[in-house]
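A quick note: this is a predicted structure, and the numbers were derived from the prediction, not measured. Throughout, numbering of the chain's residues begins at 1 and tracks the sequence.
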Amino acid sequence: MKKIINCFILIFLFMNSINAQNLKTVVYQDGQQKLNGMITDHVVKNLPGVLILPAWKGIDNEAKQAATDLAKEGYVAFIADIYGEGNIPTDNASAAKIAGKYKSDFGAYQKRIDLALKEMIKAGVNPNKIAIIGYCFGGTGALEAARAQLHVQGVVSIHGGLAKDISRKNIPFKTKILIEHPANDESVKQEDIVNLTKEMDEGKTDWQFITYANSKHTFTNPESADYNKTMADRAWQHTLLFLKEVLK
């Protein structure tokens with residue numbers, strides 16, 4: 001019972017912290033598809049920016065909290081809308097279906113990420129000081145941004161999918177990469193890690209792979225049963241250290 005009460009307290013604090021920082025909706029387009037991103041409300045011209053790619057259910061509390069925390073660190077944070085208005089999944093089944101679509105059509109995923117980057121720059125972010133962080137499905141997107149050779153200084157994949165279709169050729173990454181991987185993530189196979197390591201090494205990439213013990217897939221999300229506060233806190237500090245290196 002005590003554990004359950006503590007869990008509710010954490011979620012309450014999590015939600016209050018999100019509400020403490022205002023996030024503004026940014027409407028943009030991909031052809032006829034309306035996209036609704038979110039940006040922190042302290043935009044100052046030429047500040048470094050961090051693009052956040054949310055998990056498979058779209059813009060969620062974890063993404064909003066990350067934006068809030070990044071604003072406190074002096075970054076402009078922009079949360080990308082990958083799916084678009086009218087396409088936000090309401091359950092795991094619909095999330096798996098639409099996320100699977102973008103994992104297969106990686107070009108469409110890369111395009112939506114690039115559009116979000118352009119919106120950040122339009123808002124006044126320094127175009128030469130941008131990084132991407134992504135959670136789960138968004139962690140997969142962070143790697144796809146690197147594969148697309150988008151102009152960013154670094155990407156962070158947080159419990160992201162690491163697999164890539166073997167029919168795709170390896171193209172050199174031109175950005176620094178940090179991968180934060182939960183040790184007990186059943187969605188990632190050992191061969192995925194081996195193949196990604198080979199892909200990064202072939203391109204002589206500046207990369208780092210950190211594994212977090214006793215952690216399942218969504219270990220950074222306070223609203224998940226997988227949440228591991230100790231490891232989540234460490235992962236966040238590793239993220240901030242990486243961002244400080246590549247953006248400041």
Side-chain angles (χ1 to χ4, degrees), residues 21-71 73 75-89 95 98-99 101-103 105-158 160-161 173-178 239 242-243 246-247:
Q21 169 71 42
N22 291 325
L23 296 169
K24 299 186 295 184
T25 298
V26 177
V27 178
Y28 56 115
Q29 299 283 142
D30 183 2
Q32 296 301 310
Q33 178 62 62
K34 181 181 178 182
L35 304 167
N36 298 302
M38 302 191 80
I39 193 168
T40 47
D41 67 353
H42 72 307
V43 178
V44 177
K45 192 172 183 180
N46 282 328
L47 275 181
V50 181
L51 178 65
I52 301 170
L53 304 180
W56 70 343
K57 286 187 178 178
I59 296 176
D60 59 9
N61 288 329
E62 183 170 29
K64 293 176 184 178
Q65 183 63 58
T68 297
D69 292 340
L70 288 167
E73 298 292 333
Y75 302 107
V76 174
F78 187 100
I79 311 174
D81 178 7
I82 300 300
Y83 301 145
E85 186 170 285
N87 300 313
I88 307 304
I98 192 167
K101 169 191 170 184
Y102 283 96
K103 285 180 181 179
D105 187 357
F106 60 87
Y109 198 1
Q110 292 170 342
K111 181 183 179 184
R112 290 280 167 94
I113 296 168
D114 190 37
L115 287 171
L117 284 173
K118 287 181 170 63
E119 286 301 314
M120 283 188 68
I121 294 169
K122 193 185 298 183
V125 167
N126 187 329
N128 296 311
K129 289 189 176 182
I130 297 176
I132 295 175
I133 70 171
Y135 296 90
C136 187
F137 169 63
T140 303
L143 293 175
E144 287 300 340
R147 291 186 179 112
Q149 299 184 336
L150 299 183
H151 182 61
V152 295
Q153 281 56 60
V155 303
V156 184
S157 175
I158 306 168
F173 294 111
K174 293 185 176 181
T175 189
K176 296 181 180 181
I177 295 175
L178 170 61
T239 298
F242 178 81
L243 293 177
V246 302
L247 296 181

On a heavy-atom basis, which atom in [X] and which in [Y] lie closest, and how many Å separate them?
X	Y	answer
Thr175	Gly154	OG1-N, 2.9 Å
Phe173	Ala146	CD2-CB, 3.3 Å
Ala142	Leu53	N-CD1, 3.5 Å
Gly84	Leu35	CA-CD2, 3.5 Å

Requested in this report: Examine the side chains of Asp69 and Gln65 and answer whether a donor and an acceptor come within less than 3.5 Å of each other.
Outcome: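 On atom types as modelled, these side chains qualify, holding a pair under 3.5 Å.
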**Report entry** From Ile39 atom CD1 to Ile79 atom CD1, the distance as rounded to the nearest 0.5 Å
**Finding:**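 Output value for this atom pair is 10.0 Å.
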Query raised in the report: Would Leu143 and Ile177 count as a side-chain contact (heavy atoms from CB on, under 4.5 Å) if you check the C-alpha gap in whole Å, the side-chain angles of each, and the deciding distance to 0.1 Å?
Result: CA-CA 8 Å; Leu143 293 175; Ile177 295 175; 4.1 Å; yes
Please answer whether the main-chain N or O of [Y] pairs with a side-chain N or O of [X] as donor and acceptor at a distance below 3.5 Å.
X	Y	result
Glu85	Gln33	no
Glu144	Gln110	no
Thr25	Asn36	no

Query raised in the report: With sequence neighbours excluded, what pairs up with Lys122 under the side-chain contact (heavy atoms from CB on, under 4.5 Å) test?
Result: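 For Lys122, the residues satisfying side-chain contact (heavy atoms from CB on, under 4.5 Å) (neighbours in sequence not counted) are Glu119.
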How about [X] and [Y]: do any of their side-chain heavy atoms sit closer than 4.5 Å?
X	Y	value
Arg112	Tyr102	yes
Asp81	Ile88	yes
Met38	Lys24	no
Leu70	Thr40	no

Query - Of Val155, Leu150, Val152, the residue whose pairing with Ile113 passes side chain to side chain contact (heavy atoms under 4.5 Å, CB included) - result: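 Result: among Val155, Leu150, Val152, Leu150 is the only option passing the side chain to side chain contact (heavy atoms under 4.5 Å, CB included) with Ile113.
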Report task. List the steps and the verdict of side-chain contact (heavy atoms from CB on, under 4.5 Å) for Ile133 and Leu178. Result -> CA-CA 9 Å; Ile133 70 171; Leu178 170 61; over 6 Å; no
Report task. Report the relative orientation of the aromatic rings in Tyr83 and Phe137; use parallel for angles under 30°, tilted for 30 to 60°, perpendicular for over 60°. Result ->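 Parallel, since the angle between the ring planes stays under 30°.
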Query - side-chain contact (heavy atoms from CB on, under 4.5 Å) between Ile121 and Ile130, worked out - result: CA-CA 9 Å; Ile121 294 169; Ile130 297 176; 3.7 Å; yes
**Report entry** Residue pair Leu247, Val50: steps toward the side-chain contact (heavy atoms from CB on, under 4.5 Å) verdict
**Finding:** CA-CA 9 Å; Leu247 296 181; Val50 181; 4.1 Å; yes
